[in-house]
Amino acid sequence: MVANVEHEPAALYRYPVISNEMSIALLPTEVQCSILRLLDPIGLISISQTNRHFRQLVNPKKRHFIERLLALESTVEYGGITPIFRSRDNTLEPDFADERWNDMRWACTGCMRLLHRQYFDTHAILRLKYRKPIPGSVILEALTTWEPDPRISFSAVQQKLKSPSAIAEEKSIRQRYLISVTFNPNSTDGLATLQASGVVGFEGLTTIQFADMSPSTKQQILDDNALAIELKRCGYRRHLRKCLGCRYQAGQLTSLPKWYGRTSQVPIVVSRKVAFASRLKRYFKGFANYLRNKKPSFNALVYRHWRKLRR
């Protein structure tokens, strides 16, 4: 008696069964390192926390965690929206009074935390080199600086920053940005300064052609130059940003003299300069809005009366 056995097709035994899923850990180490170089800072730390193999292979240093923290700062989920600061007229969008500032966070590379703006000096969040990268910035698309041999990437960066060409380029960019945000578009002079600083849009113009340009056209050219620099340089020194607490512990806060009320435990540091129309607005900000008789926005005329001295 022969048992009825169902045989599988012979084609299944002709070739080995290969799974469509393949682990990156099975690749050669050289290929793995090539893939790790293409990750962003967040992905590098994430894959290093996957298992022991990648932890030992990546072996992240503090600068890699700083890169990850700065990348998280630029995301809406962890850092909130990116405020836009216009250096020409010091306008900020959104303004400090906006409630969206409560959800914004900035990275402190000292204590490695995302903190509210009240933990930082105003210059630490509004200066060009410390700002959050604006949308479209090159820094937002930067990959990790990880290398299998950490000495390779570190030495390459140091040599690049110390080269004479890099120093000259840095000085030229700073000069061009300063001219772009401070030059008066209503002026009919200064063409030589604009051309010497390398501002794009004024090359090849004569003095007469420059004088015939409308202020709005000059303003647009200057704004385009400033925006082009901000897209490349905005936040390029964020890895040096420290909160006030870390700066105080490191002894980096230069306090005002004692007659300003500071002590050795509580230093007073000058931040940004703000002009107040009166003492009421300085010490009781917003109090005048609740008064029945509002103070006029203009400065009232002050008359001085003289009288003749009697003999």
Side-chain angles (χ1 to χ4, degrees), residues 74 81-98 100-101 104 117 121-141 167-238 270-278 281-282 285-286 288-289 294-302:
S74 303
I81 65 174
T82 300
I84 306 299
F85 181 71
R86 180 181 167 89
S87 300
R88 171 168 291 275
D89 50 11
N90 294 331
T91 56
L92 189 62
E93 179 60 34
D95 188 73
F96 279 128
D98 198 295
R100 288 177 289 180
W101 279 84
M104 299 181 194
R117 71 176 179 91
D121 185 5
T122 307
H123 297 296
I125 61 178
L126 293 185
R127 278 187 178 177
L128 179 63
K129 57 183 178 181
Y130 297 138
R131 297 180 205 167
K132 286 185 179 181
I134 59 179
S137 177
V138 179
I139 300 180
L140 296 177
E141 303 176 358
I167 297 176
E169 182 182 2
E170 177 70 18
K171 185 178 180 180
S172 175
I173 292 176
R174 290 183 180 182
Q175 179 68 17
R176 182 155 55 96
Y177 185 75
L178 178 63
I179 295 297
S180 299
V181 298
T182 59
F183 187 83
N184 185 9
N186 296 320
S187 175
T188 57
D189 301 327
L191 177 60
T193 303
L194 294 172
Q195 293 177 345
S197 59
V199 178
V200 180
F202 297 102
E203 58 270 13
L205 294 179
T206 62
T207 306
I208 299 177
Q209 292 175 341
F210 179 76
D212 293 339
M213 293 180 65
S214 62
S216 60
T217 303
K218 298 177 184 177
Q219 182 69 64
Q220 185 62 41
I221 295 176
L222 294 172
D223 291 343
D224 292 342
N225 279 267
L227 179 60
I229 296 176
E230 290 175 354
L231 289 175
K232 295 182 179 179
R233 309 290 290 178
C234 190
Y236 73 102
R237 291 286 188 180
R238 289 184 300 157
V270 177
S271 180
R272 61 191 181 99
K273 295 182 179 180
V274 180
F276 297 94
S278 63
K281 290 187 176 182
R282 177 181 180 184
K285 185 178 180 180
N289 298 331
K294 307 297 182 182
K295 185 176 180 179
S297 57
F298 58 91
N299 295 327
L301 297 178
V302 178

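All residue numbers in this chain count up from 1 along the given sequence. Given the structure is predicted, the values throughout are model-derived calculations rather than measurements.
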How would you list, by chain and number, every residue that makes a salt bridge (Lys or Arg N to Asp or Glu O under 4.0 Å) with Arg174, sequence neighbours excluded? Glu170

Results of salt bridge (Lys or Arg N to Asp or Glu O under 4.0 Å) for Asp98 - residues two or more places apart only: Arg100

Taking only residues two or more places apart in sequence, or in another chain, which ones meet [X] in a side chain to side chain contact (heavy atoms under 4.5 Å, CB included)?
| X | value |
| --- | --- |
| Ser74 | Pro133, Leu140, Arg238 |
| Thr217 | Met213, Ser214, Ile221 |
| Asp89 | Arg86, Thr91 |

Distance-only donor-acceptor hits, side chain of residues 186-194, under 3.5 Å, sequence neighbours excluded:
unit_1: Ser187; atom_1: OG; unit_2: Asp189; atom_2: N; d: 3.2
unit_1: Ser187; atom_1: OG; unit_2: Asp189; atom_2: O; d: 3.2

Pairwise side-chain contact, Asp121 with Tyr130, heavy-atom cut-off 4.5 Å (strictly under): no

Would you say that Pro185 contacts Arg88 through its side chain, given a criterion of any heavy-atom pair below 4.5 Å between the two side chains? yes

I'd like to know whether Ile179 forms a side chain to side chain contact (heavy atoms under 4.5 Å, CB included) with Asn225, so could you lay out the CA-CA distance, the side-chain angles of the two residues, the decisive distance to 0.1 Å, and finally the verdict. CA-CA 10 Å; Ile179 295 297; Asn225 279 267; over 6 Å; no

If you compare all heavy atoms of [X] against all heavy atoms of [Y], which two are closest, and at what distance to 0.1 Å?
| X | Y | result |
| --- | --- | --- |
| Ser197 | Gln175 | CB-CG, 4.1 Å |
| Phe85 | Leu126 | CD2-O, 3.9 Å |
| Ser137 | Leu231 | OG-O, 2.9 Å |
| Arg117 | Ile125 | CB-CD1, 3.9 Å |
| Gly235 | Ile139 | C-CD1, 3.8 Å |
| Pro135 | Ile84 | CD-CD1, 4.3 Å |

For residues 197-219, which residue pairs qualify under salt bridge (charged side-chain N to carboxylate O under 4.0 Å, His left out), counting only residues two or more places apart or in two chains? none

Only pairs at least two apart or in different chains count here, so list each salt bridge (charged side-chain N to carboxylate O under 4.0 Å, His left out) that has a residue in residues 123-134. Arg131-Glu230

Does Asp223 have any side chain to side chain donor-acceptor pair (under 3.5 Å) partners at least two apart in sequence or in another chain, and if so, which? Gln219

The side chain to side chain donor-acceptor pair (under 3.5 Å) partners of Gln220 (sequence neighbours excluded) come to Asp224

Give every residue pair that meets the ring-ring contact (aromatic ring centres under 6.0 Å, His included) criterion with at least one member in residues 176-204, sequence neighbours excluded. Phe202-Phe210

Roughly how far, to the nearest 0.5 Å, is the OG atom of Ser87 from the CG atom of Leu128? 6.5 Å

